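In what follows, every heavy atom counts, from backbone to side chain, and hydrogens, waters and symmetry copies are set aside. Here the structure is a predicted model, which is why all the values come from computation and not from measurement.
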Amino acid sequence: MRKIGLIIQREYLSRVKKKSFILTTLLVPIGFLLLLAVQFILVAFNSDTLRIVVKDDTGNFAHRIKDTESLYFKKSNETLDQLKSNYQAQGYDGVLYIPQFNLDNPNGITYYSDKLLGLSAKSYIQSELKDELRKLKLAEMGVNDEVYSRVQKVQVSISEEASSGSSGNTGLATAVGFVMGFLMYMIIFIYGAMVMRGVMEEKTNRIVEVLLSSVRPFQLMIGKIVGIGAVGLTQFFIWIVLMFLINLGLGLFVGGTGGTMPGTFGSNGMVGGNEQQMEQAMQIAQSIQGQLESLPLGMLIVGFIFYFLFGYVMYAAMFAAVGSAVNDESETQSLTFPVSLPIIISIFILSAVIESPNSGLAFWSSLIPLFSPIIMPFRIAFGVPLWELLVSMVLLVAGSMAMVWLSAKIYRTGILMYGKKVSLSEIARWMVKSSA
Amino acid sequence: MDLLVIENVVKVFGNTNAVDHISLRVPEQTIFGLLGPNGAGKTTLIRMITDILYQDSGTIRLNNIPDNSERSLFIGYMPEERGLYKKMKVGEHLLYLAQLKNLSAKQAKEKLQYWSEKFAITDWWNKQVGELSKGMQQKVQFIATVIHEPKLIILDEPFSGLDPINTNLIKDEIYNLKQNGATILFSTHRMEQVEEICERIVLVNKGKVILEGGVMELKNRFKENKFQLVYEGTIPQDLPDTLPFEVLDNSEQQLTLHIKDGFTANHILQFFIDNGLPVKAFNEMLPSINEIFINQVQGNVADKQ
């Protein structure tokens with residue numbers, strides 16, 4: 001045991017101390033932060049405002065079109081021809097002309113500019129006008145503004161209540177589940193490949209024979225798998241902590257600027273729309289947070305870590321076996337294929353399961369150890385009956401132990417074989433009868 | 001007292017008998033040469049001694065070690081194909097390998113202090129292994145092999161890649177280790193080194209022992225009664241048939257002779273004294289281990305055919 005401890009320690013420290021590890025560990029959350037920041041900036045500080053002068057012959061609409069973040073409307077009393085000729089001189093981007101029209105047949109609304117309006121601006125103006133038009137029509141029929149806005153506030157949304165107790169939001173659960181499944185896929189590949197390269201390095205380096213005169217092959221293999229797994233866990237842990245801090249910092253930042261907003265920009269009519277937009281953004285953020293709370297978060301995290309640990313051990317053992325059987329990088333491709341295949345199939349199953357999370361496919365694939373590390377975390381997001389989860393976990397533990405045992409047989413034979421290119425059938429023979 | 005006792009060990013890979021009923025005794029505190037052509041089964045035998053592989057049948061025993069203890073802890077093995085982790089620092093690396101041999105970190109540090117001063121690698125302590133020259137890496141490897149004071153040290157081609165200075169350094173160290181009680185199993189193809197260093201050798205071919213014994217003993221066993229003689233003057237052209245020797249080669253006043261049955265070296269000298277020819281040098285020509293090796297291995301092949 002002491003020797004396995006030493007091996008784990010070396011595998012762990014030699015990787016954690018690497019510059020590349022420190023860089024990726026720090027850069028991923030920073031990249032995440034940047035992505036958020038960019039999005040935030042795009043939403044909150046889009047300064048590219050379109051200034052539109054409105055010539056409203058009806059007199060009913062111009063004052064009703066509300067300014068937004070990127071659109072600024074100004075009513076004008078000049079004639080259309082005057083405006084058309086000098087809107088640019090007055091600092092506007094275009095002229096919106098609303099002629100007198102019949103409420104039943106609103107025709108002739110025109111936008112004059114040398115630049116196109118853009119899709120979102122156009123649809124915004126259309127919806128504002130339509131809204132106003134509706135009000136006018138309803139008023140004509142005797143419905144006043146207050147009634148209209150009360151009708152407008154009626155919203156319908158379907159909330160789901162799963163029988164196992166985890167109330168869920170289907171869209172969010174799908175997103176979270178898929179992200180987790182995909183993350184698992186990436187992690188298993190990245191760290192599995194790391195194990196494979198580590199084993200290959202020892203073999204091609206020829207240090208393995210020196211090591212094997214002190215330790216058993218099994219100790220060497222397990223030490224490497226556990227050491228690299230610990231590297232993965234460390235990376236997660238740092239990421240989670242950093243994300244948490246970033247989230248916290250971001251919350252303070254958003255809250256802080258939100259508070260100062262009216263003081264700094266409030267007097268400036270042009271930027272006034274920002275507040276509204278900011279509020280909207282905050283509302284969205286809050287609703288996401290609220291929805292996240294509706295997911296079985298604790299279960300998800302525990303489940304994810306559990307399925308990562310054993311899924312990783314299972315696949316890492318197979319990758320270690322491949323690493324031991326090859327002589328150089330070029331030989332790995334044909335042998336990694338059978339190992340990667342189940343992971344890739346899992347991803348296909350995952351995309352099918354997204355369509356129907358309660359299907360038989362979802363049920364069976366979340367029990368089979370080769371697939372369950374990717375499928376089960378997805379299903380947990382939707383809520384899984386406890387017995388299914390337990391059976392799946394027990395099967396995964398058993399499956400990963402069996403895989404370690406088989407891989408160890410390949411490993412101890414392969415690791416001392418030099419020069420010869422090994423075929424799959426030969427590896428299968430090593431599994432049955434090991435010559436070491 | 002024999003340190004290593006190998007009895008009837010067999011190892012089969014597929015259809016080939018890599019090691020075919022080998023029995024061997026390596027006496028304590030000797031430098032023992034393990035010779036054989038490529039593919040003779042040396043590495044397989046060594047791997048079984050070091051517990052990397054298990055024999056199919058037969059026993060391998062290391063005497064004078066506590067019962068129920070791991071044999072490999074008392075063996076230091078430097079394989080022919082050897083390497084180190086290139087990205088590790090020299091000090092860390094040696095510490096790691098020493099700890100894998102069950103030394104505590106403290107013990108290991110003390111011993112490494114001693115060895116790194118002895119081999120003048122202290123300055124390299126914090127350098128990455130990959131930055132060292134090949135010879136330097138070899139020294140690191142040698143230290144790793146002997147750090148835990150093994151009773152049996154197995155060296156497979158320990159001098160390959162070393163310059164003459166470092167070769168001597170390691171060679172002296174091998175003698176030292178022997179003086180201090182270690183037994184050395186030395187595997188090589190370099191026959192001049194075998195003659196120089198080894199006291200006993202075993203010759204293995206095709207998984208079988210074909211020859212074993214002390215170096216001098218073997219040379220005597222395979223000598224062909226040849227002598228070399230340097231003289232002055234001229235030897236008469238027509239020598240009588242009754243001479244005690246026959247001349248195999250005569251060039252630049254140096255004769256290579258073969259003594260006929262029933263005669264001794266003294267008879268030859270007597271002949272030169274009687275004929276008034278001054279003898280400047282006279283010595284017996286013993287076969288080199290190299291010649292014995294080649295003869296035996298080829299003879300072995302011939303026998304089979």
Side-chain angles (χ1 to χ4, degrees), chain A residues 1-21 197-220 223-224 227 327 409 411-420 422 425-426 429-430 432-436, chain B residues 11-14 16 18 43-44 46-56 70-89 92-105 108 128-130 137 140-142 144-145 147-148 150 152-154 156:
Chain A
M1 271 321 280
R2 180 175 171 268
K3 286 179 181 175
I4 296 184
L6 282 167
I7 295 166
I8 292 173
Q9 193 187 353
R10 193 206 82 84
E11 296 293 338
Y12 179 77
L13 289 180
S14 70
R15 285 183 174 77
V16 169
K17 284 197 284 189
K18 261 193 203 159
K19 281 195 199 77
S20 59
F21 173 82
R197 275 199 308 276
V199 170
M200 250 174 52
E201 183 204 358
E202 276 166 4
K203 187 179 175 180
T204 51
N205 239 357
R206 310 277 179 157
I207 193 175
V208 71
E209 203 163 346
V210 177
L211 294 175
L212 289 185
S213 70
S214 303
V215 301
R216 303 244 55 89
F218 183 74
Q219 294 175 315
L220 195 56
K224 185 170 287 291
N327 293 300
K409 292 186 120 187
Y411 178 87
R412 67 180 183 204
T413 309
I415 199 83
L416 288 168
M417 286 273 188
Y418 286 105
K420 203 170 62 164
V422 180
S425 61
E426 194 160 0
R429 248 199 327 276
W430 295 349
V432 181
K433 183 195 177 283
S434 174
S435 60
Chain B
K11 180 79 192 173
V12 181
F13 291 125
T16 42
T43 304
T44 307
I46 290 173
R47 282 178 179 172
M48 287 189 287
I49 296 170
T50 51
D51 230 358
I52 295 175
L53 295 178
Y54 294 122
Q55 62 269 28
D56 294 339
E70 283 176 65
R71 185 163 76 227
S72 63
L73 291 179
F74 300 88
I75 298 176
Y77 174 36
M78 182 155 120
E80 179 181 7
E81 299 283 4
R82 49 191 162 246
L84 298 164
Y85 291 113
K86 302 254 181 298
K87 291 278 162 70
M88 262 179 118
K89 286 178 181 164
E92 281 174 9
H93 205 313
L94 282 169
L95 211 55
Y96 175 60
L97 291 176
Q99 283 179 290
L100 286 184
K101 285 289 185 189
N102 273 8
L103 291 187
S104 72
Q128 281 195 354
V129 172
Q137 288 189 26
V140 172
Q141 206 114 40
F142 186 80
T145 310
I147 187 75
H148 56 298
L152 178 66
I153 299 169
I154 302 176
D156 201 346

- Message: Restricting to non-hydrogen atoms, name the atom on B:L84 and the atom on A:N205 that form the minimum distance, rounded to 0.1 Å.
- Response: O-ND2, 2.9 Å
- Message: Between B:Q55 and chain A, with a heavy-atom cut-off of 4.5 Å, which part of the residue counts as in contact: side chain, backbone, both or neither?
- Response: neither
- Message: Do A:L212 and B:T50 make a side-chain contact, defined as non-hydrogen atoms from C-beta onward lying under 4.5 Å apart?
- Response: no
- Query: Given that the side chain runs from C-beta out, which part of A:V210 has a heavy atom under 4.5 Å from chain B: side chain, backbone, both or neither?
  - Reply: both
- Query: Hey, what do you get for NE2 (B:H93) to CD1 (A:I207), rounding to the nearest 0.5 Å?
  - Reply: 3.5 Å
- Query: What part of A:S213 gets closer than 4.5 Å to chain B, counting heavy atoms only: side chain, backbone, both or neither?
  - Reply: both
- Query: By a 4.5 Å heavy-atom criterion (distance strictly below it), what part of A:Q219 contacts chain B: side chain, backbone, both, or neither?
  - Reply: neither
- Query: Pick from B:E70, B:R47, B:M48, B:Q141: which one has the most heavy-atom pairs with chain A under 4.5 Å?
  - Reply: B:R47
- Backbone of A:R15 reached by a side-chain donor or acceptor of B:K87 within 3.5 Å: no
- At what distance, to the nearest 0.5 angstrom, does CG of A:L211 lie from OH of B:Y96? 5.5 Å
- One option among A:E202, A:K17, A:Q9, A:K18 has the most heavy-atom pairs under 4.5 Å with chain B, and it is A:E202
- Message: Can you confirm whether more than 12 heavy atoms, excluding those of B:K89, are under 6.0 Å from its NZ atom?
- Response: no
- Message: Strictly distance-based, threshold 3.5 Å: is any side-chain N or O of A:R2 a donor or acceptor partner for the main-chain N or O of B:Q99?
- Response: yes
- Using non-hydrogen atoms and a 4.5 Å limit, figure out which bit of B:R71 sits close to chain A: side chain, backbone, both or neither. neither
- Task: Kindly indicate whether the side chain of A:L13, heavy atoms from C-beta on, has any atom under 4.5 Å from the side chain of B:E92.
- Result: no
- Task: Examine whether an atom of B:I154 lies under 4.5 Å from a heavy atom of chain A, and if so say whether it belongs to the side chain, the backbone or both; otherwise answer neither.
- Result: neither
- Task: To the nearest 0.5 angstrom, please state how far the CZ atom of A:R10 sits from the CG atom of B:L95.
- Result: 13.0 Å
- Message: Would you compute the distance between atom CD1 of B:I52 and atom CZ of A:R412 and round it to the nearest 0.5 angstrom?
- Response: 14.0 Å
- Taking all non-hydrogen atoms of both residues into account, name the closest pair between A:S214 and B:S72 and its distance. O-OG, 4.4 Å
Show me the donor-acceptor pairs, under 3.5 Å and distance only, between side chains in residues 74-81 of chain B and residues at least two apart or in other chains.
unit_1	atom_1	unit_2	atom_2	d
B:Y77	OH	A:E209	OE2	2.7

- Query: Given that the side chain runs from C-beta out, which part of B:T44 has a heavy atom under 4.5 Å from chain A: side chain, backbone, both or neither?
  - Reply: neither
